Amino acid sequence: MVRDDLGRVTREVRSDRTISLEQLALPTGICAPALSEIENEQRDPRIATLNRIAEALPVPLAF
């Protein structure tokens, strides 16, 4: 399932770059608990949300 990979990949990229949820929350404007829910597949983010996360990490949205 794509959604499952989305959360896992987001967490892996964030961890590889040693960025905490709180640090990612600042540039994205998404609160840390919501980011955690995305990473744990408890929330389906909109494309605009995914775009903000991708820009903040920075990785291509397709990644």
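Fair warning: this is a prediction, and the values are worked out from it, not measured in the lab.
Partners of Q23 according to the side chain to side chain contact (heavy atoms under 4.5 Å, CB included) rule, which considers only residues two or more places apart in sequence or in another chain, are I19, S20. Residues passing the side chain to side chain donor-acceptor pair (under 3.5 Å) test with R17, sequence neighbours excluded: none. Residues meeting the side chain to side chain contact (heavy atoms under 4.5 Å, CB included) test with E37, sequence neighbours left out: Q42, R43. Residues that satisfy the side chain to side chain donor-acceptor pair (under 3.5 Å) test with R14, not counting sequence neighbours, are E39. Applying the side chain to side chain donor-acceptor pair (under 3.5 Å) rule to S15 yields no partners; only residues at least two apart in sequence or on another chain are considered.
When all heavy atoms of T10 and L6 are compared, the closest pair comes out as OG1-O, 2.7 Å.
Judged by distance alone, with hydrogens and angles left aside, the side-chain atoms of N40 form a donor-acceptor pair with the main-chain N or O of S36 at under 3.5 Å.
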Could you pull out every donor-acceptor pair under 3.5 Å between side chains of residues 26-35 and any protein atom, sequence neighbours left out?
unit_1: T28; atom_1: OG1; unit_2: L24; atom_2: O; d: 2.8
unit_1: T28; atom_1: OG1; unit_2: A25; atom_2: O; d: 3.3
unit_1: T28; atom_1: OG1; unit_2: I30; atom_2: N; d: 3.2

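Distance check, rounded to the nearest 0.5 Å: CD1 of I38 to CZ of R11 gives 11.5 Å.
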